[in-house]
K.L.:
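Got a structure for you, written out below as structure tokens; questions coming shortly.
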Amino acid sequence: MARTSLEAPGVRLRFVQKLDKDSAPLREGTVDLETGVIANTMGPELRTQALFRDRFIGVVRMGHSLSDGELSPTRYATGRHIGISRQGLEMGPIDEAMSALGSVWKERLLPPSVDFRLRWRWPVRQI
């Protein structure tokens, strides 16, 4: 905030929740800047710029069966996974990549957020 006050005095920043991928508020002028994951194709009236590239990683506990040896898509798919989908989608980029390689999930839990699982104290069995 100190840097913003110094470099842009009098500017007020207000963050609003983005409920979907639609950029209507930007088009309508109710917001001036939008950040987030955007579709590959945006209308010509919108200017976009990539700020960074993200990647997915997998994390397992020490001693987990998937931590030893080469991790193939087939071997990866045999584990129990918790996938997070804020949009409630059942399929995502990892699913598409796994499907293209001929692998499918054995078991998966799909809560809408990480804190959802924590709030409801869903048990997660270690495999």
Side-chain angles (χ1 to χ4, degrees):
M1 286 181 53
R3 184 173 173 185
T4 302
S5 297
L6 183 65
E7 294 185 21
V11 169
R12 185 176 101 186
L13 296 176
R14 184 172 65 101
F15 296 86
V16 295
Q17 184 178 10
K18 184 172 170 98
L19 300 174
D20 55 37
K21 288 191 179 233
D22 184 37
S23 294
L26 192 60
R27 285 185 176 91
E28 295 163 358
T30 57
V31 299
D32 297 315
L33 175 70
E34 180 178 336
T35 60
V37 178
I38 59 170
N40 291 335
T41 57
M42 298 295 287
E45 73 282 9
L46 299 177
R47 300 181 83 189
T48 62
Q49 178 178 339
L51 300 176
F52 61 90
R53 300 269 182 236
D54 213 353
R55 62 191 173 116
F56 292 97
I57 63 168
V59 180
V60 296
R61 63 176 163 76
M62 288 181 62
H64 189 283
S65 62
L66 292 178
S67 67
D68 293 326
E70 185 177 339
L71 185 59
S72 68
T74 302
R75 202 166 149 236
Y76 176 74
T78 64
R80 292 184 178 112
H81 300 271
I82 297 176
I84 308 299
S85 176
R86 291 185 304 258
Q87 292 85 22
L89 303 175
E90 194 168 324
M91 298 286 290
I94 295 176
D95 302 282
E96 292 167 8
M98 295 287 287
S99 179
L101 295 170
S103 294
V104 294
W105 301 106
K106 177 184 172 187
E107 286 186 49
R108 195 162 57 144
L109 178 66
L110 291 169
S113 66
V114 173
D115 66 319
F116 183 86
R117 186 194 65 81
L118 297 174
R119 242 184 321 206
W120 292 100
R121 296 185 184 146
W122 284 4
V124 176
R125 293 181 289 166
Q126 293 183 342
I127 58 169

K.L.:
Who else is in the cluster with Leu51 when I, L, V, M, F, W and Y are joined by side-chain contacts under 4.5 Å?
P.N.:
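Noted: Leu51 shares its cluster with Phe52.
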K.L.:
Show every donor-acceptor pair shorter than 3.5 Å between a side-chain atom in residues 1-8 and any protein atom, with sequence neighbours excluded, or say none if there are none.
P.N.:
from : atom 1 : to   : atom 2 : distance (Å)
Arg3 : NE     : Glu7 : OE2    : 2.8
Ser5 : OG     : Met1 : O      : 3.1

K.L.:
Within this structure, what is the CG-CG distance for the pair Leu33 and Leu26, rounded to the nearest 0.5 Å?
P.N.:
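Here the rounded value is 8.0 Å.
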K.L.:
What distance do Ile94 atom CD1 and Tyr76 atom OH have between them, rounded to the nearest 0.5 Å?
P.N.:
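Ile94 atom CD1 to Tyr76 atom OH measures 4.5 Å (nearest 0.5 Å).
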K.L.:
I need the minimum non-hydrogen distance between Met98 and Ala77, along with the two atoms involved.
P.N.:
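Here Met98 and Ala77 meet closest at CE-CB, 3.5 Å.
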K.L.:
Using the side chain to side chain contact (heavy atoms under 4.5 Å, CB included) criterion, which residues pair with Arg47? Sequence neighbours excluded.
P.N.:
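Expected list: none.
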K.L.:
Not counting sequence neighbours, which residues clear side-chain hydrogen bond (donor to acceptor under 3.5 Å, both in side chains) with Glu45? List them please.
P.N.:
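Counting only residues at least two positions away or on another chain, Glu45 forms a side-chain hydrogen bond (donor to acceptor under 3.5 Å, both in side chains) with Arg27.
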K.L.:
Please report the shortest heavy-atom distance between Pro73 and Leu101, naming the atom on each side.
P.N.:
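Where Pro73 meets Leu101 most closely, the heavy atoms are CG-CD1, 3.5 Å.
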K.L.:
Which other residues end up in the same hydrophobic cluster as Val11, if Ile, Leu, Val, Met, Phe, Trp and Tyr are linked when side-chain heavy atoms come under 4.5 Å apart?
P.N.:
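Its cluster mates, by chain and number, are Leu13, Phe15.
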K.L.:
In chain order, what residues pass the side-chain hydrogen bond (donor to acceptor under 3.5 Å, both in side chains) check against Arg75, with sequence neighbours excluded?
P.N.:
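So Arg75 forms no side-chain hydrogen bond (donor to acceptor under 3.5 Å, both in side chains) with any residue.
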K.L.:
Return the CG to OG1 distance between Leu66 and Thr78, rounded to the nearest 0.5 Å.
P.N.:
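Answer rounded to 0.5 Å: 5.5 Å.
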K.L.:
Where the side chain of Ser67 meets the backbone of Met62, is there a donor-acceptor pair that is under 3.5 Å apart?
P.N.:
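Between the backbone of Met62 and the side chain of Ser67 there is no qualifying donor-acceptor contact (under 3.5 Å).
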K.L.:
My understanding is that only residues two or more places apart in sequence, or in another chain, count here; which of them pass side chain to side chain contact (heavy atoms under 4.5 Å, CB included) with Ala24?
P.N.:
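Side chain to side chain contact (heavy atoms under 4.5 Å, CB included) list for Ala24, sorted by chain: Asp22, Glu28.
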